[in-house]
Amino acid sequence: MSDLIAVTGATGGLGGRIARRLAQSGARQRLVVRDPSRAPRLDGVEVAQAPYEDPAAFAAALDGAGVLMLISASEHPDRVALHSAAVDAAVAAGVPRIVYTSFLGAGPECTFTFGRDHWHTERHIEETGVGFTFLRDSLYLDFMANMVGDDGVIRGPAGEGRFAPVARDDVAAVAASVLQDPSAHEGATYDLTGPELLTMADVASVLSEVRGSPVTFENETLDEAYASRAKYDAPDWAVAGWVTSYAAIGAGELDVVTDHVMKVTGHPPLSLAQVLRA
Ligand SMILES: NC(=O)c1ccc[n+]([C@@H]2O[C@H](COP(=O)([O-])OP(=O)(O)OC[C@H]3O[C@@H](n4cnc5c(N)ncnc54)[C@H](OP(=O)(O)O)[C@@H]3O)[C@@H](O)[C@H]2O)c1
């Protein structure tokens with residue numbers, strides 16, 4: 001089995017963290033990116049250029065890889081097609097294992113509409129018969145500060161629902177560990193969460209404390225949430241994804257805290273306060 005690890009998304013927040021961790025461990029890796037000029041500069045690392053939507057280039061970029069880290073694509077009207085094209089190209093290239101970043105509670109009818117894309121991608125990966133490990137990430141702690149409006153208010157239909165957001169650093173640590181010993185994790189699905197269940201009001205309170213200025217949470221109905229986001233003039237599928245990420249919390253679908261980060265990496269996951277202070 002080849003020890004070459006192919007990593008996508010290395011120009012982004014999560015893939016870049018995974019690539020840096022693998023480089024620190026001295027793992028053999030090839031970064032498969034859309035724009036090589038933006039790939040992280042890491043010693044001894046190969047770089048190949050291929051988007052998910054170009055199967056020939058993507059398969060060529062994976063030549064000789066023993067495992068693929070497939071980072072889910074950025075928001076897109078048909079992410080499942082993009083992911084399926086990448087998976088099929090990897091299988092055609094003979095890559096024996098895929099590690100995929102999915103979403104906590106992914107399901108065909110889950111409230112968070114983007115979570116449905118992840119479910120369909122997981123099923124597509126399984127149907128090809130390739131070895132797999134799924135990393136089902138909760139919402140990223142890193143983005144909690146971005147939810148605050150200019151007026152210091154977080155708005156969304158999350159109600160009093162609880163969730164346990166996870167740091168991209170912890171997801172990257174799990175991924176790096178899995179990628180360096182993929183057979184030990186074959187067929188596993190890890191639910192990656194932070195250490196604590198929080199309501200949106202709790203998130204606002206931690207943000208207030210760390211920032212030293214007030215942040216509050218105002219619950220919205222679904223209709224109010226769609227109306228308050230109309231100003232962005234974004235496509236319907238994108239707005240639905242944003243709104244339903246809050247609604248999934250309100251519905252209790254993310255009310256999960258696990259020890260999977262600890263189990264795989266041997267260290268506890270970071271908290272919201274730790275990520276904000278870092
Ligand atoms: N759990 C959560 O809360 C949460 C939140 C946001 C996103 N996500 C998901 O997690 C993924 C990773 O998060 P992140 O923070 O690292 O996102 P990010 O910083 O936006 O990085 C996304 C990476 O994917 C690459 N990419 C996107 N579309 C691609 C395509 N069609 N072909 C090849 N590469 C493509 C991007 O390449 P370029 O640099 O060329 O654009 C970038 O390197 C996201 O893409 C998204 O699916 C999860």
Side-chain angles (χ1 to χ4, degrees), residues 6-21 30-40 47-62 68-90 99-106 110 112-122 134-147 156 158 163-176 190-194 198 200 203 237-238 241-242 244-246 248-249 253-254 256 261 269 272 275:
V7 179
T8 68
T11 50
L14 178 58
R17 283 172 169 80
I18 295 170
R20 284 190 288 278
R21 282 182 179 270
R30 183 183 300 145
L31 309 182
V32 182
V33 295
R34 295 199 278 199
D35 176 1
S37 72
R38 291 192 295 110
V47 178
Q49 181 173 18
Y52 299 157
E53 48 271 66
D54 183 344
F58 200 70
L62 300 181
L68 166 65
M69 176 72 244
L70 182 63
I71 302 283
S72 53
S74 318
E75 293 176 5
H76 185 278
D78 195 356
R79 270 206 304 184
V80 181
L82 283 184
H83 295 160
S84 299
V87 168
D88 292 346
V99 180
Y100 173 66
T101 54
S102 181
F103 191 77
L104 188 68
C110 64
F112 181 38
T113 52
F114 294 163
R116 301 174 192 174
D117 297 345
H118 289 294
W119 187 86
H120 287 292
T121 303
E122 286 185 357
F134 297 144
L135 310 182
R136 287 186 161 195
D137 311 339
S138 183
L139 290 167
Y140 293 149
L141 275 174
D142 313 58
F143 293 140
M144 294 298 110
N146 301 351
M147 298 187 305
F163 66 125
V166 64
R168 283 184 300 184
D169 269 337
D170 286 322
V171 176
V174 169
Y190 295 118
D191 290 335
L192 302 182
T193 74
L198 303 166
M200 267 309 164
V203 169
W237 60 265
W242 305 340
T244 56
S245 64
Y246 291 86
I249 297 170
E253 293 177 20
L254 305 185
V256 180
V261 169
L272 175 58
V275 168

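Start at 1 and go down the list; that is how both ligands and their atoms are numbered.
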Would you mind telling me if ligand 1 is within reach of the side chain of E75, the backbone, both or neither, using heavy atoms under 4.0 Å?
-> neither
Kindly identify the option in G115, P51, S72 whose heavy atom sits closest to atom 45 (O) of ligand 1.
-> S72
Min over A10, S245, G13 of heavy-atom distance to atom 17 (O) of ligand 1 lands on G13
Within less than 4.0 angstrom of ligand 1, does I71 place any heavy atom?
-> yes
Under 4.0 Å to a heavy atom of F103 - the qualifying atoms of ligand 1, by number = 1 (N)
Kindly identify the option in T11, D142, D54, L82 whose heavy atom sits closest to atom 37 (O) of ligand 1.
-> T11
Do any N/O atoms on F143 end up under 3.5 angstrom from N/O atoms on ligand 1?
-> no
Give a yes or no on whether the ring-centroid distance for Y52 and F58 is below 6.0 angstrom.
-> yes
Would you find a donor on one side and an acceptor on the other, under 3.5 Å apart, between the side chain of R30 and the backbone of A61?
-> yes
Taking non-hydrogen atoms only, is F114 closer than 4.0 angstrom to ligand 1 via side chain, backbone, both or neither?
-> neither
For ligand 1, which atoms have a heavy atom of R79 less than 4.0 angstrom away?
-> 46 (C), 47 (O)
Determine, step by step, whether Y100 and H83 satisfy the ring pair (Phe, Tyr, Trp, His ring centres under 6.0 Å) criterion, reporting the C-alpha distance in whole Å, the side-chain angles of both residues, the deciding distance to 0.1 Å, and the verdict.
-> CA-CA 10 Å; Y100 173 66; H83 295 160; 5.5 Å; yes
Proximity winner for atom 22 (C) of ligand 1, if only heavy atoms of A85, A86, S74 are counted | S74
Counting heavy atoms only, which part of S138 comes closer than 4.0 Å to ligand 1: side chain, backbone, both or neither?
-> backbone
Which atoms of ligand 1 sit under 4.0 Å from any heavy atom of A73?
-> 27 (C), 28 (N), 45 (O), 46 (C), 47 (O)
In the protein, which heavy atom is nearest to atom 7 (C) of ligand 1, and how far is it?
-> Y140 CE1, 4.0 Å
Begin with the C-alpha distance, continue with both residues' side-chain angles, and end with the deciding distance and a verdict on side-chain contact (heavy atoms from CB on, under 4.5 Å) for R79 and H120.
-> CA-CA 10 Å; R79 270 206 304 184; H120 287 292; over 6 Å; no
Of the non-hydrogen atoms in P40 and R20, which two are nearest, and what is the gap between them?
-> CB-NH1, 4.5 Å
G9-ligand 1 polar pair, N/O distance under 3.5 Å = yes
Shortest non-hydrogen separation from V256 to A164 and the atoms involved = O-CB, 3.4 Å
Quick one: does H76 get a heavy atom under 4.0 Å from ligand 1?
-> no
So, D142 and R17, do they make that salt bridge, N to O below 4.0 Å?
-> yes
Within 4.0 Å of some non-hydrogen atom of L14, the atoms of ligand 1 are 14 (P), 16 (O)
Between R38 and ligand 1, is there a nitrogen or oxygen pair with a distance under 3.5 Å?
-> yes
Which of the listed options, R34, E53, R136, holds the heavy atom that is closest to atom 41 (O) of ligand 1?
-> R34
Going by the order shown, which atoms of ligand 1 are within less than 4.0 Å of some heavy atom of L139?
-> 1 (N), 2 (C), 3 (O)
